[in-house]
Q: 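Below are the structure tokens for one structure; questions will follow.
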Amino acid sequence: MSLLVVGLSHRSAPVSVLERAALAPESRGKLLQDVVSAEPATESAVLSTCNRIELYADVDKFHAGVAELSTLLVRHCGVDLEELTPYLYVHYEDRAVHHLFSVACGLDSMVVGEGQILGQIKDALAVAQEQHTAGRLLNDLFQQALRVGKRAHSETGIDKAGQSLVTFGLEQLAGGADVAGWARGKRALVIGAGSMSSLAATTLVRNGIGELAVANRTVARAERLVEILTEPGGPGAVAGLSARAIAMDAVEAELARAEIVISCTGAAGLVLSGERIAAALAGRSDRMWLLDLAMPRDIDAAAHRIDGARLVDIESLAEASADAPMAADVDTVRGIVADEVAAFGAAQRAAHITPTVVALRTMAADVVSSEIARLDGRLPDLDDKQRAEITQTVRRVVDKLLHAPTVRVKQLASEPGGAGYADALRELFDLDPQTVAAVSRADTRADQHDAARERA
């Protein structure tokens with residue numbers, strides 16, 4: 001089996017296509033189940049963020065896998081295959097591993113070095129584990145990607161190469177001015193209470209805004225976010241922030257007061273139309289700064305043409321980030337990724353031969369047991385001590401004969417092109433394929449059990 005990735009991102013598709021192809025959270029589980037139900041795939045995971053949708057699968061046929069994954073991605077995204085195909089990219093085997101590790105390090109992000117992607121990769125793995133579509137390969141892959149991403153952030157200055165999408169967006173709104181000075185004392189409205197909206201609210205509070213309203217369809221989630229921001233010792237409490245949670249039907253009234261508006265919801269349609277923004281600005285002498293971090297967009301692009309409004313959205317962020325300076329640490333991170341891809345490939349190739357080695361040793365143990373039983377029939381007068389000594393001697397001989405070749409075959413299998421050694425071992429010793437498969441299944445069940453315990 002081999003790793004295959006089919007996806008699209010801000011690097012391959014325009015924002016107008018990305019926002020239409022956005023995958024609803026409730027659709028991810030069904031997509032994963034459909035992938036593993038298809039013939040070419042046995043495992044699946046989906047990484048879906050505001051600027052990328054990627055489907056990962058363990059497949060046994062490349063061309064059939066690409067066709068099946070593309071078809072399923074299109075079906076669940078709701079965009080015609082002919083329209084989406086020009087923007088899809090495909091990565092296979094080591095290139096697929098390299099891609100995910102680069103994504104985890106922030107090298108493929110809209111803002112280089114941003115760390116939010118690690119949380120999104122962790123969520124993608126959790127969903128696949130909950131759906132039982134992540135087996136040994138994808139569990140190993142995503143867990144290693146998280147470790148590689150953390151290593152890049154801890155060992156280099158990749159964080160300085162770019163800011164989080166929220167901070168970068170606020171910098172664009174501020175037009176080059178110091179964000180803290182620009183935001184200080186302003187009235188802000190944050191629409192949504194998910195991870196991105198929570199980060200936006202926290203960032204605004206730390207930059208000294210005077211008032212904050214958080215709107216969400218589930219008001220309890222908005223209330224919880226406000227509690228966290230204003231709890232004793234929290235950033236809001238220290239600054240004396242005035243903060244409150246509101247229902248979505250109160251947004252219109254709040255919009256008439258807000259100076260900074262940030263929206264990031266999972267809504268299928270627009271949350272703020274151009275008409276609502278124009279109405280909120282009618283009769284006002286001050287400006288309104290709007291940051292849209294949603295995909296598909298929450299705020300009508302018509303806001304770009306409204307007097308008194310300044311809109312920054314995913315599309316304008318993509319254009320601005322294309323010219324952003326990159327730190328020298330990016331090259332160091334690329335080196336880390338290359339080393340980790342090589343190490344991951346070696347480990348996977350070595351793991352591929354382990355079931356065959358286990359099956360060989362099991363067969364050898366069965367031969368020893370059979371011969372000892374035959375010896376008992378021929379020499380019934382052996383006492384327990386003699387029988388134990390003979391048994392131990394035979395086992396030592398077998399172990400010594402198998403030790404060097406099994407150690408060497410694992411070393412050879414870990415090298416590029418070493419996958420064929422498992423097949424050679426099975427042929428040479430006439431190993432039962434079902435026995436080898438049973439060992440593999442047992443290992444996979446153990447991995448899934450360990451993953452379930454980690455989530456608990």
Side-chain angles (χ1 to χ4, degrees), residues 3-41 43-59 62-92 96 99-100 103 108-110 116-117 119-121 123-128 130-131 133-134 138 142 165 192 194-196 263-271 292-301 313-315 317-318:
L3 179 66
L4 175 66
V5 180
V6 176
L8 70 159
S9 73
H10 64 98
R11 292 189 182 276
S12 69
V15 171
S16 58
V17 173
L18 272 175
E19 65 179 359
R20 291 176 51 230
L23 190 65
E26 60 272 15
S27 300
R28 296 174 193 174
K30 182 64 168 62
L31 173 57
L32 295 179
Q33 293 299 330
D34 286 350
V35 171
V36 294
S37 296
E39 183 180 343
E43 300 182 34
S44 66
V46 60
L47 178 58
S48 179
T49 73
C50 62
N51 54 26
R52 78 174 63 247
I53 304 172
E54 296 177 344
L55 195 50
Y56 292 75
D58 187 8
V59 300
F62 172 74
H63 293 291
V66 171
E68 192 67 39
L69 265 60
S70 301
T71 300
L72 289 172
L73 195 58
V74 166
R75 182 184 304 165
H76 286 270
C77 289
V79 179
D80 292 340
L81 181 60
E82 293 77 13
E83 182 179 359
L84 202 60
T85 297
Y87 305 111
L88 292 177
Y89 48 76
V90 174
H91 299 297
Y92 191 53
H99 175 73
L100 181 59
V103 169
D108 198 62
S109 295
M110 186 176 293
Q116 295 173 48
I117 189 64
Q120 293 160 334
I121 291 174
D123 290 344
L125 176 59
V127 172
E130 289 165 5
Q131 295 292 324
T133 62
L138 292 187
F142 275 73
L165 202 58
S195 57
M196 186 70 80
S263 188
C264 186
T265 73
L270 292 176
V271 174
D292 186 358
L293 298 172
M295 184 66 68
R297 71 183 75 215
D298 278 349
I299 302 176
D300 194 342
D313 53 21
I314 293 293
E315 191 164 13
L317 282 176

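Keep in mind that this is a model prediction, so the values were computed, not measured.
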Q: Taking the side chain as every heavy atom from C-beta outward, state whether Ile117 and Val103 have any atom pair closer than 4.5 Å.
A: yes
Q: Out of curiosity, Arg52 CZ to Ser12 OG, how far, rounded to the nearest 0.5 Å?
A: 9.0 Å
Q: List the residues meeting side chain to side chain contact (heavy atoms under 4.5 Å, CB included) with Ala128, not counting sequence neighbours, and say none if there are none.
A: Leu32, Ala45, Thr133, Ala134
Q: Any side-chain heavy-atom pair from Leu31 and Leu55 closer than 4.5 angstrom?
A: yes
Q: Taking Thr49's backbone N and O only, do any of them form a donor-acceptor pair with Gln120's side chain (distance below 3.5 Å, no angle check)?
A: no
Q: If you compare all heavy atoms of Arg11 against all heavy atoms of Ser109, which two are closest, and at what distance to 0.1 Å?
A: NH2-O, 3.7 Å
Q: List the residues meeting side chain to side chain contact (heavy atoms under 4.5 Å, CB included) with Val66, not counting sequence neighbours, and say none if there are none.
A: Leu4, Phe62, Ser70, Val90
Q: Which heavy-atom pair separates Cys77 from Ala21 by the least distance, and what is that distance?
A: SG-O, 3.1 Å
Q: Going by the side chain to side chain contact (heavy atoms under 4.5 Å, CB included) test, name the single residue among Val6, Val59, Leu3 that passes it with Tyr92.
A: Val59
Q: Would the number of heavy atoms belonging to other residues, nucleotides or ligands and lying under 6.0 Å from CD of Gln33 be above 12?
A: yes
Q: Where the side chain of Ser27 meets the backbone of Leu23, is there a donor-acceptor pair that is under 3.5 Å apart?
A: no
Q: About how many Å separate CZ of Arg75 and CG of Asp80, when rounded to the nearest 0.5 Å?
A: 13.5 Å
Q: Strictly by modelled atom types, are Thr265 and Asp298 linked by a side-chain donor-acceptor pair under 3.5 Å?
A: yes
Q: Given 3.5 Å as the limit, does a donor-acceptor pair link the side chain of His76 with the main chain of Ala24, or not?
A: no
Q: Roughly how far apart are Leu18 CG and Tyr87 OH, rounded to 0.5 Å?
A: 10.0 Å
Q: Of all the heavy-atom pairs spanning Val35 and Ala57, show the shortest one and how long it is.
A: CG1-CB, 4.1 Å
Q: If I compare all heavy atoms of Leu8 with all of Ala13, which pair ends up nearest, and what's the gap?
A: CD1-CB, 3.9 Å
Q: Go through the steps to decide whether Asp313 and Arg297 satisfy the test salt bridge (charged side-chain N to carboxylate O under 4.0 Å, His left out), and finish with yes or no.
A: CA-CA 8 Å; Asp313 53 21; Arg297 71 183 75 215; 3.4 Å; yes
Q: Under 3.5 Å, is there a donor-acceptor pair between the side chain of Thr71 and the main chain of Ala67?
A: yes
Q: Determine the minimum heavy-atom distance between Leu73 and Gly7, stating which atoms define it.
A: CD2-CA, 4.3 Å
Q: Can you list everything that forms a salt bridge (charged side-chain N to carboxylate O under 4.0 Å, His left out) with Asp34? Sequence neighbours excluded, please.
A: Lys30
Q: With rounding to the nearest 0.5 Å, note down the distance linking CG in Leu47 to CD1 in Ile53.
A: 10.0 Å
Q: What's the spacing between Tyr56 OH and Leu100 CG if we round to 0.5 Å?
A: 4.0 Å
Q: Are a donor atom and an acceptor atom from the side chains of His99 and Glu54 found within less than 3.5 Å of each other?
A: yes
Q: Would you give the length of the straight line joining atom CG of Leu270 to atom CD1 of Ile299, rounded to the nearest 0.5 angstrom?
A: 9.5 Å
Q: Testing the basics here: between Ser44 and Val36, what is the closest heavy-atom pair and its distance to 0.1 Å?
A: OG-CG1, 3.6 Å
Q: What do the steps show when you test Leu84 against Val17 for side-chain contact (heavy atoms from CB on, under 4.5 Å), and what is the final call?
A: CA-CA 8 Å; Leu84 202 60; Val17 173; 3.9 Å; yes
Q: Passes side-chain contact (heavy atoms from CB on, under 4.5 Å), Arg28 versus Gln131? Steps please.
A: CA-CA 10 Å; Arg28 296 174 193 174; Gln131 295 292 324; over 6 Å; no
